[in-house]
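For ligands, and for the atoms within them, numbers begin at 1 and follow the listed sequence.
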Amino acid sequence: MDTIVVGAGVAGLTAARLLHAAGQRVVVLEARDRVGGRVWTDRTAGFAVDRGASWIHGLTGNPLTGIVAELGMATHEFTVGSFQAGGRPIADLDESRRPFDAAATRGWHADVATADGLLQKVVADSGPGESYAAVTERALAATGWAPERADRLRVFYRHRTEEQCGAEIGQVAAHGLDEDAIEGDEVIFPDGYDALPQALAQGLDVRLGTTVTAIARSAAGVRVETADGAFEAAQVIVTVPLGVLKAGAIAFEPALPASVAGPIDRLGMGVFNKVFLRFPERFWEDGVYAIRQHGRAGVPWHSWYDVSAVSGEPMLLTFAGGAWGREIEQLTDEQVAASALAPLREAYGPAVPEPVGHWITRWAADPFALGSYSYVPVGSCLEDHDALAGPVDGVLHFAGEATSGDEPATVHGALMSGHRAAERVLGAAVPLAGLTRGVRAEG
Ligand SMILES: Cc1cc2nc3c(=O)[nH]c(=O)nc-3n(C[C@H](O)[C@H](O)[C@H](O)COP(=O)(O)OP(=O)(O)OC[C@H]3O[C@@H](n4cnc5c(N)ncnc54)[C@H](O)[C@@H]3O)c2cc1C
């Protein structure tokens with residue numbers, strides 16, 4: 001065997017596919033009984049519900065844009081996937097759960113633009129060890145706004161951090177959202193995002209249900225231990241999520257050097273869970289991308305995204321990130337659904353119908369993820385992402401979203417990290433264009 005790839009998510013499949021196309025003998029070892037990892041489409045109800053990733057975050061300059069087009073995957077424009085305040089119609093609700101009028105909406109967009117402008121400068125001037133909470137407070141102080149006006153922004157920043165990082169605003173480093181800018185529109189996948197990993201897996205030797213427990217390396221190569229026996233190869237690419245690495249679920253022999261162990265320790269694994277509620281009929285405004293509750297009334301539930309166009313059913317999707325995301329994992333599905341519904345009844349009236357279906361994720365409890373995606377906590381830095389990739393002793397490589405300094409916590413970051421790992425294994429540049437040769441999405 002030339003290369004073993006651990007993990008059949010987008011990073012692992014991208015690396016394996018490129019190596020295979022370059023003539024290598026490659027095997028992919030995957031603990032789950034499916035490919036895709038954190039791209040996971042649930043079709044039990046007869047339509048696609050993406051329990052992991054939903055969006056391409058920014059089509060412009062994104063390698064995924066061309067890849068999903070080549071695969072023939074249907075897309076639906078949905079440019080609110082990055083906690084935007086405006087740009088697309090949002091049903092904003094004030095602190096008393098009343099809809100914003102046109103002037104309030106304009107004022108809100110202007111306030112976000114003003115505060116974001118100040119924030120950018122404050123972040124650029126921030127010192128090491130400062131949190132995103134500290135810089136947002138400085139930016140808000142610089143606005144000179146009355147307390148209620150500033151507080152609306154404060155809550156918005158808190159929720160933006162919980163959604164984008166899966167962590168609390170006080171935990172995230174001042175620079176922790178630097179890589180968050182979205183270039184161009186965003187899209188989601190009416191037929192499910194998993195068509196991407198399924199297409200990438202076509203023709204590869206993927207061993208499902210194969211959990212890796214240990215990896216030994218030497219000058220001669222690597223030995224990868226699983227419950228079903230050992231595999232040997234010249235090199236290995238490990239793409240398991242950061243949560244799995246942090247938990248020490250794979251024993252490395254000899255131990256990882258500080259150049260890689262340090263980033264594993266310092267980077268954080270955030271938690272971000274999804275709650276889909278399907279209704280018998282629509283009770284909210286037509287033509288809005290999302291309903292957003294502002295101010296303290298938006299704690300803990302604040303944003304409900306209208307994903308009806310994806311399922312063809314009246315459906316809202318809300319999120320629980322950070323501490324709240326961990327907390328809901330301890331509740332029953334019925335408790336979570338009832339809790340997410342209560343503020344909608346307060347805003348839209350008691351006639352809001354009972355949901356006829358719900359889908360609730362628990363990514364922190366998932367043993368092969370142990371969280372949703374990586375973030376940069378206070379005490380870490382964006383450079384830790386790329387440092388995590390290694391290589392170690394020329395034979396051990398890491399890939400996956402957490403190793404992408406440019407685009408962490410995304411599917412395209414995972415894809416680009418797999419591309420980089422394949423090039424490092426080959427010691428040569430390989431064009432990403434070869435990735436989709438000969439395959440099309442099924443569905
Ligand atoms: C709820 C949620 C929503 C998201 N939304 C978006 C979004 O809208 N847009 C976006 O761009 N990104 C989104 N993301 C992030 C995106 O899903 C990930 O960044 C990306 O899918 C990660 O791919 P990966 O290959 O790095 O890791 P993974 O997909 O996690 O692949 C790693 C694989 O390793 C396997 N594995 C783990 N342990 C072992 C072991 N011991 N042995 C063998 N195999 C093992 C896992 O089962 C998994 O299949 C979201 C993530 C979550 C959780």
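Taking only nitrogen or oxygen atoms, main chain and side chain alike, A11 reaches within less than 3.5 Å of ligand 1. The distance criterion of under 3.5 Å between nitrogen or oxygen atoms is met by R32 with respect to ligand 1. No N or O atom of Y193 sits closer than 3.5 Å to an N or O atom of ligand 1. For S372, no nitrogen or oxygen atom sits less than 3.5 Å from a nitrogen or oxygen atom of ligand 1, counting backbone and side chain alike. The shortest N/O to N/O separation between V10 and ligand 1 falls below 3.5 Å. Below 3.5 Å of separation, one finds an N or O of V212 facing an N or O of ligand 1. Polar contact with ligand 1: present for E30 (N/O pair, distance under 3.5 Å). In terms of polar-atom proximity, defined here as any N/O pair under 3.5 Å, T211 makes no such contact with ligand 1. Residue-to-ligand polar distances place T410 within reach of ligand 1: an N/O pair is separated by less than 3.5 Å. Residue A414 has no nitrogen or oxygen atom sitting less than 3.5 Å from a nitrogen or oxygen atom of ligand 1, judged on distance alone.
In summary, the atoms of ligand 1 found under 4.0 Å from a heavy atom of W55, numbered by their order in the structure, are 7 (C), 8 (O), 9 (N), 10 (C), 11 (O). Taking every heavy atom of L29 and a limit of under 4.0 angstrom, the matching atoms of ligand 1 come to 43 (C), 44 (N). Under a 4.0 Å criterion applied to the non-hydrogen atoms of W363, ligand 1 contributes the atoms 1 (C), 53 (C). For ligand 1, the atoms lying closer than 4.0 Å to a non-hydrogen atom of R51 are 1 (C). Remark: ligand 1 atoms within the under-4.0 Å shell around heavy atoms of Y373 are 14 (N), 15 (C), 50 (C), 51 (C). In summary, the atoms of ligand 1 found under 4.0 Å from a heavy atom of G7, numbered by their order in the structure, are 33 (C), 34 (O), 35 (C). Shown in contact with V39 at under 4.0 Å from a heavy atom are these atoms of ligand 1, numbered in order with element: 21 (O). If you number the atoms of ligand 1 from 1 as listed, the ones under 4.0 Å from a heavy atom of T210 come out as 42 (N), 43 (C).
Nearest heavy atoms, I264 versus K246: O-NZ, 2.7 Å.
Checked by atom type and distance alone, the side chain of D50 pairs as donor or acceptor with a backbone atom of Y193 at under 3.5 Å.
Ring pair Y373/F272 is tilted by interplanar angle, where 30° to 60° counts as tilted.
For residues 411-433, every residue pair satisfying the salt bridge (charged side-chain N to carboxylate O under 4.0 Å, His left out) rule, not counting sequence neighbours, is listed here: D386-R420.
With sequence neighbours left out, S218 forms a side-chain contact (heavy atoms from CB on, under 4.5 Å) with A220.
The closest side-chain heavy-atom distance from V307 to V310 is below 4.5 Å. Counting only heavy atoms from C-beta outward, the side chains of L93 and H294 never approach each other to under 4.5 Å.
Given atom 13 (C) of ligand 1, the protein heavy atom at minimum distance is A53 CB, 3.4 Å. Closest to atom 7 (C) of ligand 1 among all protein heavy atoms lies H57 NE2, 3.4 Å.
Inspection of the Q293 and S303 side chains reveals no N or O donor paired with an N or O acceptor under 3.5 Å.
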